[in-house]
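Taking it in order: structure first as structure tokens, then the write-up.
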Amino acid sequence: SFNATSMTVQGNRIALAGTYVSRLGTDGTTAGLPLAGPKVVTTARMYGGNQSVGNDGSVRPTSLALSPDGKWLYLSGYMWRYSWHNDSYHGVYRIAYDQDKEPEVFVGSMKQDESGTEDGKFRGATSVACDSQGRVYVTDHCNDRVQIFSPDGKFLKAFKVFRPAVISINPKNGEIYVFSWMTPNRFHIKLATENEKARI
């Protein structure tokens, strides 16, 4: 997986992702699939102290989820943490687990700085999870909510959570666990500035 930054398990399938996706079975084999899957790393244009240098930074997913049938792998949490530039992408990729095709955008946007507050858009998509029905849950960090989508990417509903960072769903009873903390994102500074102006 080359610098694996995320892992998920569903049934007898294990996925590790970093630069590439690595596919394993829970029995220690690759479950009949090639170990090496598609490349899922992306890059981000650096701002701040390195802007004049023109460096691009590698960005890997920090959150994965497999659909209950193991067919689809969802990738999110594309965040970067540099002293001169902290930020994230605002969408979720999807790939077919048993194929080697490039990731496709499932929801949101994987274009840098393309964010929003409308349903289906994000300001920091930090984590992804699936329930037993195949619905996809995405933490929308700076919009203070979790958005829920059908397996075909249709927006279903959202619920409020302050600064959701990671989401997990118990496959046995459907209980949803959301963990909140601050993640690197330029919106934190923007929101703090807006709140300060509102108090004046």
Side-chain angles (χ1 to χ4, degrees), residues 1-42 59-79 88-108 110 120 122 124-141 145-159 161 164-181 183:
S1 63
F2 297 95
N3 304 315
T5 51
S6 48
M7 183 180 90
T8 188
V9 181
Q10 174 62 44
N12 66 345
R13 291 184 161 182
I14 301 172
L16 294 167
T19 303
Y20 297 88
V21 170
S22 293
R23 298 169 290 207
L24 297 163
T26 53
D27 60 358
T29 71
T30 62
L33 295 170
L35 174 64
K39 188 175 183 178
V40 293
V41 67
T42 187
V59 187
R60 297 170 177 84
T62 61
S63 180
L64 302 177
L66 277 162
S67 59
D69 59 6
K71 179 180 179 181
W72 297 106
L73 177 65
Y74 300 92
L75 308 95
S76 192
Y78 280 85
M79 298 179 283
S88 65
Y89 277 98
H90 311 285
V92 178
Y93 272 141
R94 184 175 77 167
I95 62 172
Y97 180 85
D98 59 359
Q99 298 179 21
D100 294 329
K101 295 180 180 178
E102 292 185 0
E104 61 182 19
V105 177
F106 176 66
V107 291
M110 292 303 290
F122 304 87
T126 56
S127 182
V128 62
C130 287
D131 67 13
S132 61
Q133 303 301 310
R135 292 175 293 227
V136 181
Y137 297 64
V138 186
T139 52
D140 188 2
H141 188 69
R145 64 185 177 181
V146 172
Q147 296 194 60
I148 307 171
F149 301 88
S150 67
D152 61 0
K154 179 183 177 182
F155 173 81
L156 298 176
K157 60 189 279 188
F159 59 89
V161 180
V166 173
I167 186 167
S168 183
I169 299 174
N170 187 327
K172 294 182 178 180
N173 58 22
E175 289 184 342
I176 302 168
Y177 300 87
V178 183
F179 304 86
S180 296
W181 60 77
T183 67

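As the structure is a prediction and not an experimental result, all values here were calculated from the model.
The shortest non-hydrogen separation linking Arg23 to Pro38 is NH1-CD, 4.4 Å. The minimum heavy-atom distance linking Pro68 with Ser132 is given by the pair CG-O, 3.6 Å. A pairwise comparison of heavy atoms in Val21 and Ala17 identifies CG2-CB, 4.2 Å as the closest pair. Looking at every heavy atom in both residues, Pro164 comes nearest to Val178 through CB-CG1, 3.7 Å.
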Throw together a table of side-chain donor-acceptor distances under 3.5 angstrom for residues 151-159, partners on residues two or more places apart or in other chains.
residue : atom : partner : partner atom : Å
Asp152  : OD1  : Ser150  : OG           : 2.1
Asp152  : OD1  : Lys154  : N            : 3.4

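Between Tyr78 and Tyr93 there is a side-chain heavy-atom pair separated by less than 4.5 Å. Using a 4.5 Å cut-off on side-chain heavy atoms (C-beta onward), Asp27 and Asn12 make no contact. Val136 has its side chain out of reach of Val107: every pair of non-hydrogen atoms, C-beta onward, lies at least 4.5 Å apart. Side-chain contact between Cys130 and Tyr74 is present, with heavy atoms from C-beta onward closer than 4.5 Å. With a 4.5 Å cut-off on side-chain heavy atoms, Ser88 and Thr183 do not count as touching.
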From CA spacing to verdict: side chain to side chain contact (heavy atoms under 4.5 Å, CB included), Thr8, Leu73: CA-CA 9 Å; Thr8 188; Leu73 177 65; 3.8 Å; yes
Run the side chain to side chain contact (heavy atoms under 4.5 Å, CB included) test on Leu75 and Ser6 for me, step by step, so that the C-alpha distance in whole Å, both residues' side-chain angles and the decisive distance to 0.1 Å come before the verdict. CA-CA 9 Å; Leu75 308 95; Ser6 48; over 6 Å; no
Start with the C-alpha distance between Leu16 and Leu24, add both sets of side-chain angles, then the distance that settles side chain to side chain contact (heavy atoms under 4.5 Å, CB included), and finish with yes or no. CA-CA 8 Å; Leu16 294 167; Leu24 297 163; 4.2 Å; yes
Run the numbers on Lys101 and Ile95 for side chain to side chain contact (heavy atoms under 4.5 Å, CB included), then give the verdict. CA-CA 7 Å; Lys101 295 180 180 178; Ile95 62 172; over 6 Å; no
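Going from atom OG1 of Thr30 over to atom CD1 of Ile14 covers 11.5 Å, rounded to the nearest 0.5 Å. Interatomic distance, Lys39 NZ to Arg60 CZ, rounded to the nearest 0.5 Å: 9.5 Å. Going from atom OH of Tyr177 over to atom CD1 of Ile169 covers 11.0 Å, rounded to the nearest 0.5 Å. One finds the OG atom of Ser76 at 14.0 Å from the CZ atom of Arg94 (value rounded to the nearest 0.5 Å).
In terms of modelled atom types and a separation under 3.5 Å, the side chain of Gln10 and the main chain of Gly70 share no donor-acceptor contact. Put simply, the side chain of His90 gets close to the backbone of Gly124: a donor and an acceptor are under 3.5 Å apart. Remark: side-chain polar atoms of Ser127 are not paired, donor with acceptor, to backbone N or O of Ser63 under 3.5 angstrom. Judged by distance alone, with hydrogens and angles left aside, the side-chain atoms of Thr139 form no donor-acceptor pair with the main-chain N or O of Ile167 at under 3.5 Å. Remark: the backbone N or O of Pro61 is paired with a side-chain donor or acceptor of Thr5 at under 3.5 angstrom.
For Thr126 and His141, the side-chain atoms include no donor-acceptor pair closer than 3.5 Å.
Ring pair Phe122/Phe149 is tilted by interplanar angle, where 30° to 60° counts as tilted. Taking the six-membered ring for Trp and thresholds of 30 and 60 degrees, Trp181 and Phe179 have ring planes inclined between 30 and 60 degrees apart.
For Tyr97, there are no ring pair (Phe, Tyr, Trp, His ring centres under 6.0 Å) partners, not counting sequence neighbours.
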